[in-house]
Number of protein chains: 2
Amino acid sequence: MAKRMRETTEVRQKQITEAALQVIGQKGINGATTVEIASAAGISEGNLYRHFRNKEEIIKSVIDKIGSDLVAILAAVVEVSAPLQKLEITFKRHLKYIEGNVGIPRTIFSEETIVANENLRARVKNTILMYFQGIKQIVEQGQRIGVLDTEMDSQAITSMFIGTIHFAVTWWLMNNFSPKLTDDAEGLWKNFARAVTHKD
Amino acid sequence: MAKRMRETTEVRQKQITEAALQVIGQKGINGATTVEIASAAGISEGNLYRHFRNKEEIIKSVIDKIGSDLVAILAAVVEVSAPLQKLEITFKRHLKYIEGNVGIPRTIFSEETIVANENLRARVKNTILMYFQGIKQIVEQGQRIGVLDTEMDSQAITSMFIGTIHFAVTWWLMNNFSPKLTDDAEGLWKNFARAVTHKD
DNA sequence: CTCGCTTGCAAGTGCGCGCTCACTTTAGAT
DNA sequence: ATCTAAAGTGAGCGCGCACTTGCAAGCGAG
């Protein structure tokens, strides 16, 4: 055994959360057993329970991390003035972010997490809703200045935005991460932009 | 115990497949244990294994049932001449079909099924691909006669078609089936249609 | 230095899962 | 009526899981 390195709970929680996200990315939510997570975090299984009350708390922590990452993605474009460019940057950054963290879609869209556990589902729902509304605001801004089609429902455009990403990711996951997600980003974006920009 | 009703393997396989789909709809793939499936099918757990070699075969059977249902949905519109109307009917029927069979999205888009098991993933992938290409053909037909935007990639339009449905379903699942999925169908379709029809 | 609190670990414990097995019941063929 | 193959059963097995426990060791406060 390597030398014991004593760390504070705060540090360990962060390590465990990141380890969990990584394991979920590799093996799915089911594959993310407490043994696997502990091993990925470089600590013993028992030690997990010093820093988290149970596995559910670990998953909650993962969801919260994802939420704050998404907030950061949205926040990064507030300075950009053109709404369409905001959307483009967000679109591509979202795909890039997911490509680097496969665990994210596997957590957020895991039926298992969602169906089985009321608390986790509520958390995921809030995270998605928050992101959805962030996008929707940009869309409405775009409609106000006449760049985006004003005859379309902002809700519908937002659904299409996320839906397009969502399905692209799903397909990418199902094809063992090939081709690269970001390789498709440009084409996907161009087509989406054409679909929702003003037509008259 | 109720009276023992002896049935042929063929009948039982069908019953078990439908029971499995129903249980998955209620409790997710993880909740669909052999005990639950057997109970929903009204037979003993041991008897499951008279008709299927193992649980994986049951899930395979479920996937195949979904595949043939989707084929039926696509086949139902071959007689319709207008491509846009074909898409509209398929769109609405797809949502209606899912609303009546929650187990379908939970099977098809279950990360667990997909990640963990190579065979199942291949099967699901083929099913989605088959459906995708069915839609894509209609889209290309629509582009050929100039109803759908010819400057957009048919692949992208198809992705948007399925992505829109996919996300709507995901959101509906996360909100405990409210509001009714088919209530949104009209609005979703109208916006999608505006997005992809010809603009010049 | 040593006390006390927290971090760390290895070896459990109990439980639910997929699956098996020894045996019984059923129904059609002879 | 009798025989046989298949359908049906429920007890139970082994395994992997989340989680616990008893004890060792690090570290700051006095």
Side-chain angles (χ1 to χ4, degrees), chain A residues 1-17 19-21 23-24 26-62 107 110-113 115-120, chain B residues 1-20 23-24 26-62 107 110-113 115-120:
Chain A
M1 201 62 226
K3 204 174 162 186
R4 275 166 98 160
M5 297 290 284
R6 189 188 166 93
E7 297 284 357
T8 65
T9 283
E10 200 184 343
V11 170
R12 286 295 189 214
Q13 282 182 343
K14 208 176 165 189
Q15 290 174 342
I16 292 166
T17 304
L21 186 57
V23 172
I24 290 171
Q26 284 167 7
K27 320 209 170 180
I29 285 259
N30 270 3
T33 64
T34 48
V35 178
E36 290 280 346
I37 294 170
S39 150
I43 59 175
S44 72
E45 194 189 358
N47 197 12
L48 274 189
Y49 291 87
R50 292 267 177 228
H51 307 294
F52 285 99
R53 269 182 31 242
N54 51 39
K55 192 183 167 184
E56 180 177 329
E57 293 296 321
I58 297 176
I59 305 294
K60 273 187 191 169
S61 172
V62 169
T107 304
S110 156
E111 271 304 308
E112 294 319 305
T113 313
V115 173
N117 187 309
E118 191 60 42
N119 292 327
L120 292 181
Chain B
M1 198 65 224
K3 205 174 158 186
R4 273 167 101 160
M5 296 291 285
R6 190 189 166 93
E7 297 286 355
T8 63
T9 283
E10 201 184 342
V11 169
R12 286 299 188 210
Q13 282 182 341
K14 208 175 165 190
Q15 291 174 342
I16 292 166
T17 304
E18 275 159 17
V23 173
I24 291 170
Q26 284 167 5
K27 320 210 170 182
I29 286 259
N30 270 2
T33 64
T34 47
V35 178
E36 289 281 346
I37 294 169
S39 151
I43 59 176
S44 71
E45 194 189 357
N47 197 13
L48 275 188
Y49 291 87
R50 294 268 175 230
H51 307 295
F52 285 98
R53 269 184 29 245
N54 50 38
K55 193 184 165 182
E56 178 176 330
E57 293 295 320
I58 297 175
I59 305 294
K60 275 189 190 168
S61 172
V62 169
T107 304
S110 156
E111 270 303 308
E112 295 318 304
T113 313
V115 173
N117 187 310
E118 191 60 43
N119 292 326
L120 292 180

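These figures come from a predicted structure and were not determined experimentally. Labels below follow one simple rule: chain letters A, B, ... track the order of the sequence lines, proteins then strands, and each chain is numbered from 1.
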S.K.: At less than 4.0 Å, is any side-chain N or O atom of Arg12(A) found next to OP1 or OP2 of dG8(C)? Yes or no.
M.R.: yes
S.K.: For dA18(D), take OP1 and OP2 only and decide whether either is under 4.0 Å from a side-chain N or O of Thr34(A).
M.R.: yes
S.K.: When the distance from CG of Asn30(B) to P of dC15(C) is rounded to whole Å, what number comes out?
M.R.: 20 Å
S.K.: In this structure, how many angstroms lie between the C1' atom of dA24(D) and the CZ atom of Arg50(A), rounded?
M.R.: 11 Å
S.K.: Report the distance from atom CD1 of Ile59(A) to atom CG of Leu120(A), rounding to the nearest 0.5 Å.
M.R.: 7.0 Å
S.K.: Is there a side-chain contact between Ile58(A) and Thr34(A) in this structure, where contact means two heavy atoms from C-beta onward sitting under 4.5 Å apart?
M.R.: no
S.K.: Applying a 4.0 Å non-hydrogen cut-off, can you work out what Thr33(A) is touching in the nucleic acid: base, sugar-phosphate, or nothing?
M.R.: sugar-phosphate
S.K.: Are OP1 or OP2 of dA7(D) and a side-chain N or O of Asn47(B) less than 4.0 angstrom apart?
M.R.: no
S.K.: Would you indicate what Leu48(A) reaches in the nucleic acid, counting non-hydrogen atoms under 4.0 angstrom: base, sugar-phosphate, or nothing?
M.R.: nothing
S.K.: Less than 4.0 angstrom between a side-chain N/O of His51(A) and OP1 or OP2 of dT6(C), yes or no?
M.R.: no
S.K.: If the cut-off is 4.0 Å, is Thr9(A) near the phosphate of dT7(C), judged by side-chain N/O to OP1 or OP2?
M.R.: yes
S.K.: Answer with base, sugar-phosphate or nothing: what part of the nucleic acid does Glu45(B) contact at a heavy-atom distance below 4.0 Å?
M.R.: base
S.K.: Ile16(A) has an atom CD1; how far is it from atom P of dC9(C), in whole Å?
M.R.: 11 Å
S.K.: Would you kindly give the OH-to-P distance between Tyr49(A) and dC17(D), to the nearest whole Å?
M.R.: 12 Å
S.K.: Is Arg53(B) close enough to dC19(C) that one of its side-chain N or O atoms is under 4.0 Å from OP1 or OP2 there?
M.R.: no
S.K.: How many whole angstroms separate atom CD of Glu7(A) from atom P of dC5(C)?
M.R.: 22 Å
S.K.: Are there more than 12 heavy atoms of other residues, nucleotides or ligands under 6.0 Å from atom NZ of Lys55(A)?
M.R.: yes
S.K.: Rounded off to whole Å, could you give me the NZ-to-P distance for the Lys55(A) and dG16(D) pair?
M.R.: 16 Å
S.K.: 5'-most contact on DNA chain D: Gly46(A) or Gly31(A), nearest heavy atom basis?
M.R.: Gly31(A)
S.K.: Does Ser44(A) place a side-chain N or O at less than 4.0 Å from the phosphate oxygens OP1/OP2 of dG8(C)?
M.R.: no
S.K.: Assess whether atom NZ of Lys60(B) is packed by more than 12 heavy atoms of other residues, nucleotides or ligands within 6.0 Å.
M.R.: yes
S.K.: Find the distance Glu56(A):CD to dC17(D):P and express it as a whole number of Å.
M.R.: 19 Å
S.K.: One thing to verify: whether Lys14(A) and Glu10(A) come together as a salt bridge, which I'm taking to mean a side-chain N less than 4.0 angstrom from a carboxylate O.
M.R.: no
S.K.: Using whole Å, what does the distance between atom C1' of nucleotide dG18(C) and atom CD1 of Ile59(B) come to?
M.R.: 12 Å
